[in-house]
Protein chains: 2
Amino acid sequence: MSRVSARDKLLKAAGELFYDHGITATGVDAVITRAGVAKMSLYNNFKSKSELIAAYIDARHQEWLDLFARRSDNLSNGWERVLAVFDAYQDHAEFDYQNGFRGCGLLNAAAEMPADSAEREAVNRHKQEVRDIVLNQLSELPLTEESGNSAAALAEHICFLLEGSISLAGLSRDVDAISRARAMADKLIERAL
Amino acid sequence: MSRVSARDKLLKAAGELFYDHGITATGVDAVITRAGVAKMSLYNNFKSKSELIAAYIDARHQEWLDLFARRSDNLSNGWERVLAVFDAYQDHAEFDYQNGFRGCGLLNAAAEMPADSAEREAVNRHKQEVRDIVLNQLSELPLTEESGNSAAALAEHICFLLEGSISLAGLSRDVDAISRARAMADKLIERAL
DNA sequence: TTAACTATACAGACTAGTCTATATAGTTAA
DNA sequence: TTAACTATATAGACTAGTCTGTATAGTTAA
């Protein structure tokens with residue numbers, strides 16, 4: 001009948017509950033109830049709630065990587081692929097909007113964790129990866145190297161726009177803020193060429 | 001001896017614990033212990049933990065308004081006062097850095113709350129107020145009105161930089177990211193004149 | 001005296017995680 | 001075909017502690 005593993009059911013349920021209500025506010029009982037799974041199935045697949053959280057964080061990042069791959073696959077140059085980074089986030093936002101868009105799940109997860117936690121470090125690594133993607137795409141472009149106009153600085157500028165717009169879009173329930181940030185990034189790249 | 005009211009002790013303790021460990025993860029017992037106050041003093045001053053959270057959110061915002069007022073008081077024009085918005089956040093970041101900087105306390109608080117909560121709405125109002133401050137300062141400047149170069153669009157761009165840089169600064173433990181965002185905003189304004 | 005405070009105890013629901021025992025489906029081998 | 005074995009799932013009771021909020025009685029200071 002149901003050939004979906006308990007592990008996948010748990011990750012799906014945790015993904016929904018953690019994103020909608022926050023991680024700390026979501027108990028393991030709520031997760032197993034939503035997953036329709038026995039409690040021991042949680043603890044057979046994950047050593048602890050912390051490990052489930054870590055898997056959730058990785059899954060959210062992978063989810064975004066997949067959305068980005070789909071958006072950037074058939075694009076011909078770095079400029080367009082940088083803009084596809086925004087498109088991938090917008091896809092994600094519009095998907096979550098039905099249940100209540102609350103911004104980036106990774107930043108939200110980090111916001112609940114102590115400063116030196118492994119979870120915050122994992123989110124940091126994922127965000128660095130996004131920045132590296134932006135930087136790699138920009139490096140393909142013939143940027144005019146004015147003072148302080150390096151690809152690295154431009155990549156950071158674009159990432160600030162990205163994360164800022166997602167947070168404020170989630171707060172003000174205005175998903176379109178992400179596409180306005182995309183237009184800002186577009187103009188920045190145009191000026192840097 | 002101690003002429004500090006129980007209410008103020010509670011707000012101070014809650015401010016530290018909520019910021020460092022998150023709101024949901026902080027129990028009222030931890031707050032009263034840190035405040036050195038009886039539990040009934042909490043419930044005499046606040047109807048519930050929710051009301052303490054609301055007071056915490058307002059206090060964080062007021063704290064930033066005070067930092068901004070101190071930074072912008074003796075400045076002569078809107079350009080400088082927009083940059084003072086970044087300075088005020090940097091002051092806040094450097095203050096928190098001793099205990100572990102975790103980005104903006106208001107965005108972190110919002111990240112723990114459900115999509116339609118009063119707390120998220122309060123944080124949204126505060127962020128709108130920051131944007132209005134930026135917009136008001138920009139409105140004093142003689143901006144050249146190119147296509148899509150309105151004061152409103154520039155204000156939004158600067159706010160994206162602001163929030164994005166604070167979040168990423170908190171994640172990567174690189175407070176200097178805020179001053180790099182300040183430099184980006186500076187150049188944007190220069191170009192818009 | 002009045003108001004704000006303290007200390008302690010309590011109710012009742014919830015927390016993460018463990019335990020035993022059982023069911024079921026797929027694989028392997030005689 | 002039948003039997004043994006393995007992996008994964010289940011139910012549900014249980015521990016030991018935490019959570020918010022309340023109740024009660026005593027204390028301190030203006």
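This one's a predicted model, so the numbers in the text were calculated from it and none came from an experiment. Throughout, a chain's letter reflects where its sequence line sits, starting with A, and its residues are numbered from 1.
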Could you state the CE-C1' distance from B/Met40 to D/dT20, rounded to the nearest angstrom?
13 Å
Which residues, if any, of residues 41-58 of chain A bring a heavy atom under 4.0 Å of DNA chain C?
A/Tyr43, A/Ser48, A/Lys49
Going by heavy atoms closer than 4.0 Å, what residues in residues 29-39 of chain A are next to DNA chain D?
A/Gly36, A/Val37, A/Ala38
Chi angles and distances behind the side-chain hydrogen bond (donor to acceptor under 3.5 Å, both in side chains) call for A/Ser179, A/Asp176
CA-CA 5 Å; A/Ser179 67; A/Asp176 198 51; 2.7 Å; yes
In whole angstrom, give the distance that lies between atom CG of A/Leu17 and atom P of C/dT15.
12 Å
Identity of whatever pairs with C/dG17 - Watson-Crick or G-U, under 3.5 angstrom
D/dC14
B/Arg180 and B/Asp174 ion-paired at < 4.0 Å
yes
I'd like to know if A/Arg182 and A/Asp186 make a salt bridge, using a cut-off of under 4.0 Å between side-chain N and carboxylate O.
no
Can you tell me the Watson-Crick or wobble partner of D/dT8, both distances under 3.5 angstrom?
C/dA23
Shortest non-hydrogen contact from A/Ala109 to A/Ile23?
CB-CD1, 3.6 Å
Integer-rounded Å distance: C/dA16 P and A/Leu10 CG:
13 Å
With B/His61 as reference, evaluate B/Arg125, B/Glu129, B/Lys127 under the side-chain contact (heavy atoms from CB on, under 4.5 Å) test and give the passing residue.
B/Glu129
If you measure from the Lys or Arg side-chain nitrogens to the Asp or Glu carboxylate oxygens, is any gap between A/Asp29 and A/Lys39 under 4.0 Å?
yes
Considering Watson-Crick and G-U wobble pairs with both distances under 3.5 Å, what does D/dA30 pair with?
C/dT1
Electrostatic pair A/Glu16:A/Lys12 at N-O distance under 4.0 angstrom:
yes
Any luck finding a side-chain donor-acceptor pair between A/Asp66 and A/Gln62 under 3.5 Å?
yes
